[in-house]
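Here the structure is laid out as structure tokens; the discussion comes afterwards.
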2 protein chains.
Amino acid sequence: MVPVSLPPSSPRIEFHPGDVIAPKGFWADGLNAGLRDQSLDMALLVSQESATFSGMFTTNAVRAAPVELSRAVHQQGLCRAVIINSKNANALTGALGTQDAQAMQAQVARELGLDVGDVAVASTGVIGWPLPMDRVRAGIFQLAARFREGDAGDGGAAAQAILTTDTATKTAACTVALSGGAVTIGMMAKGSGMIHPQMATMLAFFTTDAVIAKGALDACLHTAVERSFHRVSVDGDQSTNDMALMWANGASCVAVETADDMALFARGLTELAVHGARLIAADGEGANHLLSVCVSGASSEADAAQKARAIVRSALVKTAVYGGDPNWGRVLAAAGTVGVAFVPERVSLFMNEFPLYLHGEPVVGQDALWSASMDRPEIEFRLDLAQGREVAYAYGCDLTDGYVEINAHYRT
Amino acid sequence: MVPVSLPPSSPRIEFHPGDVIAPKGFWADGLNAGLRDQSLDMALLVSQESATFSGMFTTNAVRAAPVELSRAVHQQGLCRAVIINSKNANALTGALGTQDAQAMQAQVARELGLDVGDVAVASTGVIGWPLPMDRVRAGIFQLAARFREGDAGDGGAAAQAILTTDTATKTAACTVALSGGAVTIGMMAKGSGMIHPQMATMLAFFTTDAVIAKGALDACLHTAVERSFHRVSVDGDQSTNDMALMWANGASCVAVETADDMALFARGLTELAVHGARLIAADGEGANHLLSVCVSGASSEADAAQKARAIVRSALVKTAVYGGDPNWGRVLAAAGTVGVAFVPERVSLFMNEFPLYLHGEPVVGQDALWSASMDRPEIEFRLDLAQGREVAYAYGCDLTDGYVEINAHYRT
């Protein structure tokens with residue numbers, strides 16, 4: 001995948017490599033249960049103690065069985081564990097699918113000695129095929145045994161096991177210096193195809209050892225997802241299985257207390273989620289470039305976000321980035337299709353450090369220079385509307401032969 | 001391009017090969033003015049007498065200069081001629097672009113002895129480059145001379161000259177038996193890339209020798225475009241230059257008089273426009289298949305149309321069609337992202353004559369048979385929502401390596 005560096009650290013938020021077991025009191029592992037091939041395909045994530053729990057879920061009318069079930073756990077507000085499988089989405093599988101998702105939840109609860117309502121379920125992969133439940137059951141049995149027997153666990157293996165066509169794991173962690181001490185937030189995510197807002201079509205799991213109330217956790221997760229996964233588009237297709245789940249187990253004994261703490265915690269979580277979103281975009285199916293779009297000077301953040309998303313979604317912008325063609329007309333045309341009308345004569349467009357279009361007039365004679373700069377792994381377009389002061393970002397990738405190849409023959 | 005047959009004739013509407021000069025009293029021709037290469041790139045269409053005129057235009061905030069100009073002609077309601085160039089869209093070209101479009105309009109008016117307001121202008125091609133006006137002027141001069149000198153004209157050459165990356169001309173005509181006699185409607189269109197509703201990102205020109213009032217013509221064109229070009233998606237990108245223009249010059253001396261006439265004329269025009277939309281979809285950039293989608297059993301036509309459009313737009317559906325993969329889960333997932341929520345347990349999905357998903361349960365064991373049937377030029381999905389009685393259609397094409405190849409290097 002296209003390389004993506006960690007966000008810069010700030011005095012009170014420090015990013016570092018790590019994953020969902022970076023915060024205290026979490027355990028995770030992954031294994032191969034033979035759901036399709038020899039790659040890792042099942043993961044279990046457990047909090048040692050009861051944790052405050054929050055989730056956000058796909059808005060697709062077609063929701064996979066595990067989505068319905070995990071949503072119920074979110075509404076109840078406490079959770080100890082999630083069982084995750086890749087290779088098979090358990091979506092559009094009729095009554096059998098619901099039964100299978102419930103069986104996964106019940107087995108995890110039984111083997112870990114938890115209430116059924118303490119266990120979430122997530123699935124990703126091919127739609128419409130029944131789960132091979134014998135193998136799923138054996139996988140759960142093994143994972144639960146490893147946890148019970150005090151195995152160290154392996155957050156990297158868990159991050160590997162949730163992938164589908166992703167080419168690399170997506171993990172990171174950050175430490176946030178709150179007023180009462182340091183707390184850690186960890187993440188693992190998967191993306192790759194069927195990636196488009198709303199609920200940016202992926203699985204993401206966040207853990208923290210902070211002490212935080214359910215309402216505050218919900219608010220922080222909502223903000224973070226809105227600015228990150230809701231701003232990613234790989235192909236404009238929205239999944240049936242998207243979810244972002246977050247556990248806060250309080251194991252650091254440090255609470256998110258003051259308004260300042262809350263702002264700092266939300267910021268750390270948002271930056272971590274944006275990093276996850278950029279990792280997903282950079283590893284979009286067949287991607288050669290990470291495409292970042294910033295729309296500024298908008299009359300509202302919602303309008304800026306809508307336009308930024310339209311640009312990263314545009315097949316013509318995406319193919320131009322693939323071809324190293326600084327075709328700025330396509331960027332402006334894509335922005336023009338949505339939201340508040342703007343005056344083309346006032347807008348300016350930049351690509352990386354180059355102005356392409358300034359206050360309504362094309363910059364001429366620089367095409368060769370611009371084109372040569374497009375071999376960088378990340379291409380950023382900045383569109384200034386000169387209408388107001390609001391700004392929003394969106395993330396995507398180029399559209400390549402590789403995307404077509406992967407998706408023309410995904411099932412076969 | 002994928003072969004598309006003419007619509008079946010009905011007792012009072014007969015389809016036949018033909019173009020914009022099939023109706024009486026129209027002249028058209030095309031030539032090479034050297035705007036880019038040796039292919040035809042400029043066309044002139046003239047009505048021998050003053051004609052009632054109607055138009056529909058892109059809703060993109062970024063509108064090319066000729067769009068603004070032709071919209072003003074539409075508002076005034078009468079028109080004699082349109083000058084069209086391909087290879088260059090004259091879009092996002094600043095003040096110079098407006099000046100150039102006005103110069104084209106003025107030159108045609110001068111050389112044909114018309115008022116400036118009697119001339120529409122249409123452009124299509126690359127965005128953001130100034131028109132080579134010396135060559136444009138020479139092209140207009142030659143076309144106008146041919147008309148003045150009584151040349152026979154050539155509707156096929158005009159249809160050729162308006163193409164960009166299209167691989168074939170898009171023309172057809174029909175004769176409608178009104179109460180007072182027969183009238184003819186002719187069409188030429190171009191599509192290929194940047195094709196997505198609203199105003200389905202293309203140029204279309206309709207001519208008729210019927211006598212019809214401006215208000216009735218506007219209504220007929222609106223209905224026809226809504227059911228046809230607004231239902232096409234090649235890549236989800238909306239052009240800055242889309243327009244559908246229509247002239248009614250009354251040369252048949254047969255009027256659209258009764259309510260029955262009006263319904264019949266609107267139906268003939270709509271079927272002609274749907275044929276044009278299907279030709280555009282079938283010749284989408286890189287297309288191997290025409291993708292037709294019918295959503296039935298919806299609670300409103302708008303909802304059915306929104307879902308049908310979401311399906312033809314889905315990159316995952318389009319790549320599956322390319323790969324001959326009957327991946328029905330992607331079709332249902334795409335429909336689930338928009339409009340009125342539906343109950344997956346009640347819906348049914350068919351591909352051509354095969355049921356894939358019946359009342360919420362997957363049909364199993366037929367994949368090889370389905371896949372083998374997908375070598376046909378047209379793949380039709382029919383989704384029944386079991387919610388109501390409304391139906392809508394949409395048209396698109398598969399997403400292939402060819403699309404990526406064409407658009408990665410369009411300008412270079």
Side-chain angles (χ1 to χ4, degrees), chain A residues 59-63 89 91-95 126-129 193-194 196 235-240 313-317 319-320 322-325 327-330 332-337 340-345 357 360-362 367 371 399-401 403-412, chain B residues 59-63 89 91-95 126-129 193-194 196 235-240 313-317 319-320 322-325 327-330 332-337 340-345 357 360-362 367 371 399-401 403-412:
Chain A
T59 57
N60 199 313
V62 180
R63 282 184 293 273
L92 289 167
T93 38
V126 176
I127 294 176
W129 285 359
M194 229 188 213
H196 188 71
D235 50 15
D237 278 274
Q238 186 198 43
S239 165
T240 54
R313 182 178 178 156
S314 161
L316 289 171
V317 172
T319 47
Y322 174 44
D325 177 5
N327 196 326
W328 49 267
R330 293 179 177 178
L332 293 175
T337 58
V340 179
F342 58 85
V343 182
E345 286 70 30
Y357 190 83
E361 294 291 340
D367 283 61
S371 193
L399 173 58
T400 68
D401 300 327
Y403 177 84
V404 174
E405 207 42 51
I406 291 166
N407 284 295
H409 308 288
Y410 180 50
R411 302 203 312 175
T412 46
Chain B
T59 57
N60 199 313
V62 180
R63 283 183 293 274
L92 290 167
T93 39
V126 175
I127 294 176
W129 287 359
M194 230 189 211
H196 187 72
D235 50 16
D237 279 272
Q238 186 196 42
S239 166
T240 53
R313 182 177 180 158
S314 160
L316 289 171
V317 171
T319 46
Y322 174 45
D325 177 5
N327 196 327
W328 49 267
R330 294 179 177 179
L332 293 175
T337 57
V340 179
F342 59 84
V343 182
E345 287 69 29
Y357 190 83
E361 294 290 340
D367 283 61
S371 193
L399 173 58
T400 70
D401 299 327
Y403 177 85
V404 175
E405 206 44 49
I406 291 167
N407 283 295
H409 309 287
Y410 180 50
R411 303 202 313 174
T412 47

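Only a predicted model underlies this, so the values are computations on that prediction, with no experimental measurement involved. Throughout, protein chains are lettered first and strands after them, A, B, ... in sequence-line order, and every chain is numbered starting at 1.
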Out of curiosity, Leu399(B) CG to Leu399(A) CG, how far, rounded to the nearest 0.5 Å?
-> 6.0 Å

Can you measure from CZ (Arg330(A)) to CD1 (Ile127(B)) and round to the nearest 0.5 angstrom?
-> 8.0 Å

Smallest separation among heavy atoms of Leu92(B) and Tyr357(A), with atom names | CD2-OH, 3.4 Å

Heavy-atom closest pair, residues Val62(B) and Pro344(A) | CA-CG, 4.2 Å

For Val404(A) and Tyr403(B), run side-chain contact (heavy atoms from CB on, under 4.5 Å): C-alpha distance rounded to whole Å, both residues' side-chain angles, the deciding distance at 0.1 Å, then the answer.
-> CA-CA 9 Å; Val404(A) 174; Tyr403(B) 177 85; over 6 Å; no

Where on Ala341(B) is there a heavy atom nearer than 4.5 Å to chain A: the side chain, the backbone, both, or neither?
-> both

Side chain / backbone / both / neither for Glu361(A) at chain B, heavy atoms under 4.5 Å | side chain

Tightest non-hydrogen contact, residues Pro362(A) and Gly128(B), listed as CG-O, 4.2 Å

Closest-packed option against chain A by number of heavy-atom pairs under 4.5 Å, given Thr400(B), Thr319(B), Val340(B), Leu332(B) | Thr319(B)

